[in-house]
Asker: 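Structure below; questions to follow.
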Amino acid sequence: MTDQYTFTNPVEQYRMPEPDEQYQDGPGLDRELRPKADHGEKSYRGTGRLGGRRALITGADSGIGRAVAIAFAREGADLVLSYLPEEQPDADEVARLVTEAGRRAVLAPGDVADEKFARGLVRTAVRELGGLDLVVNVAGRQQTEEKLEDITSDSFDLTMRTNIHAMFWIVQEALPHLPAGSAIINTSSVQAYSPSPTLVDYATTKAAINTFSKALAQQLAPRGIRVNVVAPGPVWTPLQAAGGQPPQKLPEFGQQTPLGRPGQPAELAPAYVYLASAESGFTVGETLTVTGGMPTP
Ligand code: NAD
Ligand code: MG
């Protein structure tokens with residue numbers, strides 16, 4: 001079994017069979033993804049690093065957000081899980097795993113590109129968990145387009161709202177509730193530094209997330225609230241099979257990394273745990289890259 005504890009060669013660790021060409025409509029479902037992604041379901045071991053913490057996680061049903069939810073729960077946090085209504089079966093599975101870890105999972109389906117809903121997520125967390133001290137923005141939209149001419153205004157707008165506006169709305173709404181010691185973690189990408197020609201709009205949002213976070217981190221540090229970012233490289237998730245990549249590119253997905261393979265969501269969760277816990281207390285405004293060796297500045 002692959003895990004994060006056995007001494008092993010990272011070239012082989014979490015290596016998966018080559019995926020077939022596949023395409024899913026909408027946000028995509030983990031349960032339709034082939035081969036299955038590894039979110040640490042069978043491997044992540046908590047050590048009480050987030051005991052009693054209260055977290056809002058967007059995009060928590062699948063992929064990186066699911067791995068973060070599993071890890072946070074096993075580290076002792078109660079969670080509000082945000083996802084799109086179409087993703088209910090995936091969210092139910094995450095809720096089951098969180099509950100199995102002995103923590104609370106509050107399900108909050110809805111569209112974070114809608115300001116009212118995004119802000120309402122914070123109120124849900126405060127009401128249901130009795131407070132909030134971790135805000136983790138993982139939800140994201142990525143749609144590949146060969147030519148700029150093919151990106152519609154609506155699609156451009158939705159990518160901006162999902163990836164940037166939602167983060168702004170959620171963080172702004174959360175601030176009055178966040179005690180000193182709280183952490184905000186946003187999700188960028190290697191695309192912020194090394195953008196693909198077919199992801200112009202998406203890559204732009206990921207650079208914006210870095211800059212937003214670095215500015216805000218300095219503003220909030222004196223209040224004892226830390227803002228940091230995780231920037232993944234290619235990770236095997238439904239996002240990639242639901243229009244994030246051209247289907248015919250999926251068999252070679254992630255092979256361009258120096259490790260020669262894509263990452264699994266399970267490999268991202270520890271970065272979020274580190275940035276959430278007091279262990280990283282002197283780390284502020286940082287982007288932690290987890291890219292399989294793809295260089296970043
Ligand atoms: P994923 O599809 O599993 O997760 C993305 C989630 O975003 C979805 O599950 C969905 O719940 C949520 N979402 C999208 N639009 C939404 C909306 N309008 N309202 C509410 N929720 C919405 O894929 P993932 O790869 O785990 O993506 C998580 C984050 O990681 C994204 O921000 C993505 O940009 C980033 N990222 C992924 C990769 C990768 O290779 N997979 C690389 C770099 C960065
Ligand atoms: Mg999903």
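As the structure is a prediction and not an experimental result, all values here were calculated from the model. Start at 1 and go down the list; that is how both ligands and their atoms are numbered.
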Asker: Does Arg141 have a non-hydrogen atom less than 4.0 Å from ligand 1?
Answerer: no
Asker: So is Pro265 close enough to ligand 1, meaning a heavy atom under 4.0 angstrom away?
Answerer: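 No, Pro265 has no heavy atoms under 4.0 Å from ligand 1.
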Asker: I need the contact type for Glu87 against ligand 1. Using non-hydrogen atoms and a strict under-4.0 Å cut-off, is it side chain, backbone, both or neither?
Answerer: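 Within the 4.0 Å criterion, Glu87 contacts ligand 1 through side-chain atoms alone.
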Asker: Give me the one residue out of Ile57, Asp90, Leu81 that meets side-chain contact (heavy atoms from CB on, under 4.5 Å) with Arg66.
Answerer: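 Of Ile57, Asp90, Leu81, side-chain contact (heavy atoms from CB on, under 4.5 Å) with Arg66 is met by Asp90 alone.
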Asker: Of the listed options (Ile57, Leu239, Asp30), which comes nearest to atom 2 (O) of ligand 1 when hydrogens are ignored and any heavy atom counts?
Answerer: Leu239
Asker: Side chains of Arg226 and Leu220: does their closest heavy-atom pair fall under 4.5 Å?
Answerer: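 No - every pair of side-chain heavy atoms lies 4.5 Å or more apart.
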Asker: Counting from 1, what ligand 1 atoms have a heavy atom of Leu84 closer than 4.0 Å?
Answerer: 11 (O), 15 (N), 16 (C), 17 (C), 18 (N), 19 (N), 20 (C), 21 (N), 22 (C)
Asker: What atom name does the N, O or S atom of Glu87 nearest to the Mg ion (ligand 2) carry?
Answerer: OE2
Asker: If you define the side chain from C-beta out and look only at heavy atoms, does anything of Tyr193 sit under 4.5 Å from Thr291?
Answerer: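 No, too far: nothing below the 4.5 Å cut-off.
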Asker: What's the shortest distance from atom 25 (O) of ligand 1 to any protein heavy atom, and which residue and atom give it?
Answerer: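 Checking every protein heavy atom, the shortest distance to atom 25 (O) of ligand 1 gives Thr237 OG1, 2.6 Å.
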Asker: Look at the side chain of Thr58 and the backbone N and O of Ala139, then say whether any donor-acceptor pair between them is shorter than 3.5 Å.
Answerer: yes
Asker: Does a donor on one side chain and an acceptor on the other come within less than 3.5 Å for Ser196 and Gln191?
Answerer: yes
Asker: Restricting to non-hydrogen atoms, name the atom on Met167 and the atom on Asn137 that form the minimum distance, rounded to 0.1 Å.
Answerer: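 Between these two residues, the closest heavy atoms are CG-ND2, 3.8 Å.
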Asker: To which protein heavy atom is atom 38 (C) of ligand 1 closest, and what is the distance rounded to 0.1 Å?
Answerer: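 Scanning the protein heavy atoms, the shortest distance from atom 38 (C) of ligand 1 goes to Gly233 O, 3.9 Å.
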Asker: Does any N or O of ligand 1 fall below 3.5 Å from an N or O anywhere on Thr187, backbone included?
Answerer: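 It does not: no N or O of Thr187 is found under 3.5 Å from an N or O of ligand 1.
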Asker: Under 3.5 Å between any N/O of Val190 and any N/O of ligand 1: does that happen in this structure?
Answerer: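 No; every N/O pair is 3.5 Å or more apart.
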Asker: Only heavy atoms of Pro234, strictly under 4.0 Å: list the atoms of ligand 1 that pass.
Answerer: 40 (O)
Asker: Considering both backbone and side-chain atoms of Gln142, is one of its nitrogen or oxygen atoms within less than 3.5 Å of a nitrogen or oxygen in ligand 1?
Answerer: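 Not met; the criterion fails.
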Asker: Out of Val235, Thr289, Thr159, Val112, who is nearest to atom 41 (N) of ligand 1 when you count heavy atoms only?
Answerer: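 Looking at heavy atoms only, the winner is Val235.
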Asker: Provide, to 0.1 Å, the distance between atom 6 (C) of ligand 1 and the closest protein heavy atom, together with that atom's residue and name.
Answerer: Gly59 CA, 3.7 Å
Asker: Is the closest side-chain heavy-atom distance between Gln142 and Gln245 below 4.5 Å?
Answerer: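 The answer is yes, as the side chains (C-beta and beyond) meet within the 4.5 Å cut-off.
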Asker: Work out whether the distance between some heavy atom of Gly28 and some atom of ligand 1 is less than 4.0 Å.
Answerer: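 Not so, Gly28 does not reach ligand 1.
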Asker: Give the ring-plane orientation class for Phe168 versus Phe212, where under 30° counts as parallel, over 60° as perpendicular and anything between as tilted.
Answerer: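 Answer is perpendicular, since the angle exceeds 60°.
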Asker: Examine all N, O or S atoms of Ser62, backbone included, and report whether one is under 2.8 Å from the Mg ion (ligand 2).
Answerer: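 It does; at least one qualifying atom falls short of 2.8 Å.
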Asker: Which is closest to atom 44 (C) of ligand 1 in terms of heavy atoms, Ala67, Ala91, Gly140, Ser188?
Answerer: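 Result: the heavy atom closest to atom 44 (C) of ligand 1 is in Ser188.
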Asker: One thing to verify: whether Arg104 and Glu128 come together as a salt bridge, which I'm taking to mean a side-chain N less than 4.0 angstrom from a carboxylate O.
Answerer: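 Salt bridge: yes.
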Asker: So if I apply the side-chain contact (heavy atoms from CB on, under 4.5 Å) rule between Arg31 and each of Pro238, Pro89, Ser62, which one comes out positive?
Answerer: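 Going through the options one by one, the only one that passes is Pro89.
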Asker: Of all the heavy atoms in Pro262, does at least one lie under 4.0 Å from an atom in ligand 1?
Answerer: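 It does not, in that no heavy atom of Pro262 comes within the 4.0 Å cut-off of ligand 1.
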Asker: For the residue pair Pro246 and Thr144, what are the closest heavy atoms and their distance?
Answerer: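 Closest approach of Pro246 to Thr144: N-CG2, 3.6 Å.
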Asker: Judged on heavy-atom distance to atom 31 (C) of ligand 1, which of Thr58, Val230, Val138, Leu268 sits nearest?
Answerer: Val138
Asker: Have a look at Leu81, Asp111, Leu29 and point out the one with the heavy atom closest to atom 17 (C) of ligand 1.
Answerer: Asp111
Asker: Exactly one of Val284, Leu275, Asn186, Val171 should register a side-chain contact (heavy atoms from CB on, under 4.5 Å) with Val227. Which one does?
Answerer: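 Going through Val284, Leu275, Asn186, Val171 one by one, the side-chain contact (heavy atoms from CB on, under 4.5 Å) with Val227 is satisfied by Asn186 alone.
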Asker: So, does Tyr202 sit close enough to ligand 1 that a heavy atom of it is under 4.0 Å from the ligand?
Answerer: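 Yes, Tyr202 has heavy atoms under 4.0 Å from ligand 1.
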Asker: Output the list of atoms in ligand 1 that are nearer than 4.0 Å to some heavy atom of Ser62, sorted by atom number.
Answerer: 1 (P), 2 (O), 3 (O), 4 (O), 9 (O)
Asker: Side chain or backbone, does Tyr83 bring an N or O within less than 3.5 Å of an N or O on ligand 1?
Answerer: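 No; the residue has no nitrogen or oxygen that sits under 3.5 Å from a nitrogen or oxygen of the ligand.
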Asker: Only heavy atoms of Pro238, strictly under 4.0 Å: list the atoms of ligand 1 that pass.
Answerer: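 Within the 4.0 Å cut-off of Pro238, ligand 1 contributes 3 (O).
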Asker: Go through the side-chain N and O atoms of Arg119 and Gln172 and say whether any donor and acceptor fall under 3.5 Å apart.
Answerer: yes
Asker: Tell me whether Arg141 contacts the main-chain N or O of Ser155 through its side chain, where contact means a donor paired with an acceptor under 3.5 Å.
Answerer: yes
Asker: Taking all atoms of both residues into account, what is the closest heavy-atom pair of Arg53 and Ala276, and its distance?
Answerer: NH1-O, 3.1 Å
Asker: Evaluate the side-chain proximity of Val200 to Pro195: yes if any heavy-atom separation is below 4.5 Å, no if none is.
Answerer: no
Asker: Should Arg261 and Glu267 count as an ion pair when the cut-off is N to O under 4.0 Å?
Answerer: yes
Asker: Could you pull out the atom name of the N/O/S atom in Asp61 that is nearest the Mg ion (ligand 2)?
Answerer: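 Looking at Asp61, the N, O or S atom with the least distance to the Mg ion (ligand 2) is OD2.
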Asker: N/O to N/O below 3.5 Å, does that happen between Trp236 and ligand 1?
Answerer: no
Asker: Is a side-chain donor or acceptor of Gln13 paired with a backbone partner of Asp3 at a separation under 3.5 angstrom?
Answerer: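 Checking the backbone N and O of Asp3 against the side chain of Gln13, a donor-acceptor pair under 3.5 Å is found.
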Asker: For ligand 1, is there an atom lying under 4.0 Å from some heavy atom of Thr162?
Answerer: yes
Asker: If the cut-off is 4.0 Å to any non-hydrogen atom of Gly110, which atoms of ligand 1 fall inside it?
Answerer: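 Atoms satisfying the 4.0 Å criterion: 19 (N), 20 (C).
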Asker: List ligand 1 atoms under 4.0 Å from Gly63, heavy atoms only on the residue side.
Answerer: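 So the answer, numbered in order with elements, is 3 (O), 26 (O).
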Asker: Applying a strict under-4.5 Å side-chain criterion to I, L, V, M, F, W and Y, I'd like to know whether Leu129 and Phe117 cluster together.
Answerer: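 Hydrophobic grouping puts Leu129 with Phe117.
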Asker: Can a non-hydrogen atom of Lys206 be found less than 4.0 Å from any atom of ligand 1?
Answerer: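 So Lys206 counts as touching ligand 1.
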Asker: Using a plain distance cutoff, I'd like to know if Ile64 has any nitrogen or oxygen under 3.5 Å from a nitrogen or oxygen of ligand 1.
Answerer: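 Among all N and O atoms of Ile64, at least one is under 3.5 Å from an N or O of ligand 1.
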Asker: Classify the contact between Gln240 and ligand 1 as side chain, backbone, both or neither, using a heavy-atom distance cut-off of under 4.0 Å.
Answerer: side chain
Asker: Show me which atoms of ligand 1 lie under 4.0 Å from any heavy atom of Ser189.
Answerer: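 That gives atoms 43 (C), 44 (C) of ligand 1.
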Asker: Give the atoms of ligand 1, by number and element, whose distance to some non-hydrogen atom of Ala139 is under 4.0 Å.
Answerer: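 Within the 4.0 Å cut-off of Ala139, ligand 1 contributes 7 (O), 12 (C), 13 (N), 21 (N), 22 (C), 32 (O).
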